[in-house]
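Below is one structure, written out as structure tokens, with a few remarks after it.
Because only heavy atoms are used, hydrogens play no part in the values below, and waters and symmetry mates are left out as well, while side chains stay in. Letters A, B, ... mirror the listed sequences (proteins, then strands); counts begin at 1.
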Number of protein chains: 2
Amino acid sequence: MTDVPPHRGQPSPPLPRVRLVDVAREAGLSKTTISAALNGTGRLSPEVREKARETARRMGYRPNAAARRLRAGRARLIGYVVGEFADAPWNFLESPYFARLTAATAATSLRRGYAVVLLPAGSLQSEWADLSLDAVVVADPVADDPVVEDLLAARIPVFSDRSVEGRPGAYWVDVDAGGAVRGALDHVREQGARRPVVVVPDSTTRFHTEVFAAHEAWCAAHGVPVRVVRAGGPGNGPVIRAVETALTGDLAADSAADRARPDALLVVAEASPPLVLDATRRLGYGVPGDLLLVCVSEDVTAEHTQPPVTTLSLRPEAIAEAGIETLVAVLEHGDREAAGVLVPTRLDVRASSVRPAQAEYTSRPPT
Amino acid sequence: MTDVPPHRGQPSPPLPRVRLVDVAREAGLSKTTISAALNGTGRLSPEVREKARETARRMGYRPNAAARRLRAGRARLIGYVVGEFADAPWNFLESPYFARLTAATAATSLRRGYAVVLLPAGSLQSEWADLSLDAVVVADPVADDPVVEDLLAARIPVFSDRSVEGRPGAYWVDVDAGGAVRGALDHVREQGARRPVVVVPDSTTRFHTEVFAAHEAWCAAHGVPVRVVRAGGPGNGPVIRAVETALTGDLAADSAADRARPDALLVVAEASPPLVLDATRRLGYGVPGDLLLVCVSEDVTAEHTQPPVTTLSLRPEAIAEAGIETLVAVLEHGDREAAGVLVPTRLDVRASSVRPAQAEYTSRPPT
DNA sequence: ATGAAAGCGCTAACAC
DNA sequence: GTGTTAGCGCTTTCAT
């Protein structure tokens with residue numbers, strides 16, 4: 001628990017800030033008039049309004065946000081916290097997905113007049129208690145996330161994924177995980193793959209559980225055995241190891257046919273596409289000749305490998321935008337009815353998942 | 001832990017917040033007493049203090065931050081903006097260096113009781129005007145950065161790199177760029193390299209200009225021709241292209257000897273190490289056999305390539321910590337004398353820059 | 001059309 | 001020890 005010493009120390013450089021009353025005195029008008037002029041409220045003669053504005057500008061007047069907020073009763077501050085990564089609370093920005101989600105959240109919020117405060121993953125009350133946040137965005141909460149519980153208990157509106165659906169004070173937007181998995185698997189099937197294997201983290205976020213379920217359903221629907229390897233955690237190390245397991249056939253399989261080498265790999269975990277590609281090569285697979293590869297990733301390096309890697313984008317920007325728009329609607333117009341939104345994913349098909357017409361498009365493992 | 005009574009099945013209409021005065025009335029005490037009890041200020045009998053605290057907890061009292069801030073005159077809010085990337089204002093988080101710098105800045109600030117607000121790169125007044133930030137951290141400003149000018153003109157304390165040294169209201173911490181370059185070049189020289197080439201972005205940040213200068217100085221001191229390629233911008237594309245230029249010998253060189261193939265490559269631009277390694281291979285270089293490779297990077301994938309890539313870490317966490325500590329000292333104790341700090345870098349030697357004893361690609365333990 | 005004054009919730013002098 | 005009170009700077013009735 002981080003206890004902040006209560007308000008010791010003075011803002012020692014007592015730079016004389018220009019206040020509304022200073023502008024008023026200078027302009028020979030009243031506080032009210034200046035305020036109205038600056039905010040465009042009230043009925044003022046154009047000359048007076050102009051004079052007020054000009055004086056304020058000349059004096060370098062900048063309204064005091066704290067006073068405004070106190071008056072308005074709202075802080076225009078939104079917290080941002082991710083549910084995963086609770087054991088390494090600040091690592092989430094190293095994931096391209098969260099980096100972009102975070103950036104897009106901040107961008108959209110700022111555009112709507114809200115500042116975003118970065119919180120450590122899994123942070124509880126002590127971290128945000130004295131911040132008076134108008135709401136908190138909880139990205140990818142884990143199952144029964146204490147962060148969500150804590151926030152809701154403190155009556156702070158929570159914006160999160162579909163796992164909070166139905167809870168009072170909670171609103172959601174979510175990625176269409178099921179559609180994503182089906183789309184990716186359909187794609188490799190169209191390209192001729194019959195033995196796809198999936199790598200997905202062993203995490204309790206709604207996204208990952210849904211991916212897992214959608215994969216099982218898809219396999220059942222296509223009469224294909226379920227081949228899945230759960231990665232021990234986020235980060236390249238565990239995911240690469242899982243990829244190795246997936247490709248070396250240590251999978252439980254019911255028949256000899258099922259034990260055949262996989263012909264497609266879907267990695268639903270943030271790992272560096274170049275590293276995944278390297279791993280497939282080390283294990284003797286040519287991509288896309290022997291193995292079609294699709295990574296769920298926002299990592300831009302995917303375009304630069306040889307062959308370029310097909311990625312499934314979760315479209316963090318779209319999620320953030322839809323989310324913040326909804327949240328602002330709730331905050332400002334009390335749209336408590338705000339229905340959740342499901343954001344479709346986008347498959348960026350590149351050479352790694354396209355069965356080559358000629359062998360030259362295939363990166364061969366080193367001999 | 002949750003200090004708030006559970007929902008009593010109340011629908012969730014905007015429930016009036018519990019104020020200090022409410023707690024006071026409930027406890028049969030005065031606002032002052034409650035405030036003092038909660039803040040640990042003033043002289044109260046232990047029983048009264050405990051009663052006040054208990055009542056506040058029971059009622060789910062949460063202090064209003066806006067009111068506190070208004071009273072305190074400080075918002076406990078720090079802005080964070082990066083100078084580079086102004087043309088893609090939200091892309092900076094995709095750089096591992098800035099991702100970690102940002103995270104560490106937020107972490108350290110929060111620990112000291114300050115919330116960090118993310119601002120778009122290159123943002124001017126309109127973005128932060130009505131935020132009343134106590135200070136703004138400007139990471140890697142470009143030369144004569146308008147962001148810095150704007151902030152200083154608005155009398156907002158600026159925390160940045162050494163390029164702001166001497167300006168009133170500006171404070172700094174910086175990475176020891178010169179030492180970093182010398183360290184890396186000395187290292188490859190010790191490993192036997194005689195024709196190192198450097199790739200550095202064509203940017204006006206202090207870091208990059210200093211890298212450029214330090215490289216020239218080092219070359220002069222060692223009687224080695226200056227081989228440098230400036231990358232067109234950040235991002236993997238331009239940097240990889242620059243690497244290709246560097247390795248295909250399109251360098252201006254004065255003598256035939258100078259045109260010989262380089263035997264070491266120092267990439268001082270955030271590019272994905274696996275991609276850089278791939279590029280060297282495509283051009284027919286064996287690493288470390290033909291070419292020693294060092295990347296200035298915080299990218300964790302460097303450990304996972306084959307061979308692992310030697311990296312020079314700028315130690316963003318150390319920078320953020322030193323920076324925020326200094327900034328807080330300035331803000332809270334008015335240490336206007338606060339001398340800037342130079343943070344040393346760290347070379348993580350891996351196989352890519354260690355000349356193999358035998359002609360094989362054996363990685364050696366880091367020294 | 002303009003101004004005076006109340007008050008947002010909190011903290012800290014200053015009484016008692 | 002504890003309570004009363006005066007603001008922090010702003011917006012907003014409500015008079016004029």
Original post:
Any donor and acceptor pair, going by atom type alone, linking the side chain of B:T105 with main-chain N or O of B:L101 inside 3.5 Å?
Top reply: yes
**OP:** Send over the distance from A:I34 CD1 to C:dG3 P, rounded to a whole Å.
**Re:** 8 Å
**OP:** Provide, to the nearest angstrom, the distance between the CZ atom belonging to A:R68 and the C1' atom belonging to C:dG7.
**Re:** 18 Å
Subject >> Side-chain donor/acceptor of B:D140 to backbone N/O of B:E84, under 3.5 Å >> reply: no
**OP:** When you get a sec, tell me which of D:dC10, C:dA1, C:dC8 is the closest nucleotide to the side chain of A:L70?
**Re:** C:dC8
Original post:
A:R74 has an atom CZ; how far is it from atom P of D:dT11, in whole Å?
Top reply: 14 Å
**OP:** Please state whether the phosphate of C:dT2, meaning OP1 or OP2, lies under 4.0 angstrom from any side-chain nitrogen or oxygen of A:T32.
**Re:** no
**OP:** Consider the side chain of A:K31, meaning its heavy atoms from C-beta on, and name the nucleotide among C:dT11, D:dC14, D:dT11 that approaches it most closely.
**Re:** D:dT11
Original post:
Nearest-Å distance, CG (A:L29) to P (C:dA4)?
Top reply: 11 Å
Original post:
Under 3.5 Å, is there a donor-acceptor pair between the side chain of B:N39 and the main chain of B:S35?
Top reply: yes
Subject >> Among C:dC10, D:dG1, D:dT4, the one nearest B:S30 by side-chain distance >> reply: D:dT4
**OP:** Please state how far atom CZ in B:R25 lies from atom P in C:dC10, giving the value in whole angstrom units.
**Re:** 12 Å
Original post:
How close or far is atom C1' of D:dG9 from atom CZ of A:R17, stated in whole angstroms?
Top reply: 10 Å
**OP:** Indicate whether OP1 or OP2 belonging to D:dG9 is found under 4.0 Å from a side-chain N or O atom of A:R19.
**Re:** yes
Subject >> B:S35 vs C:dC10: side-chain N/O to OP1/OP2 distance below 4.0 Å >> reply: no
Original post:
Which residue lies toward the 5' end of DNA chain D, A:R43 or A:N39, if each is placed at its nearest nucleotide?
Top reply: A:N39
Subject >> Separation of atom CG in B:L44 from atom P in C:dA12, rounded to whole Å >> reply: 13 Å
Subject >> Check: B:R162 side chain, B:D174 main-chain N or O, donor-acceptor pair, under 3.5 Å >> reply: no
Original post:
A:R71 near the nucleic acid: base, sugar-phosphate alone, or nothing, with a heavy-atom cut-off under 4.0 Å?
Top reply: base
Original post:
Do the ring planes of B:Y80 and B:F92 sit parallel (below 30°), tilted (30 to 60°) or perpendicular (above 60°)?
Top reply: tilted
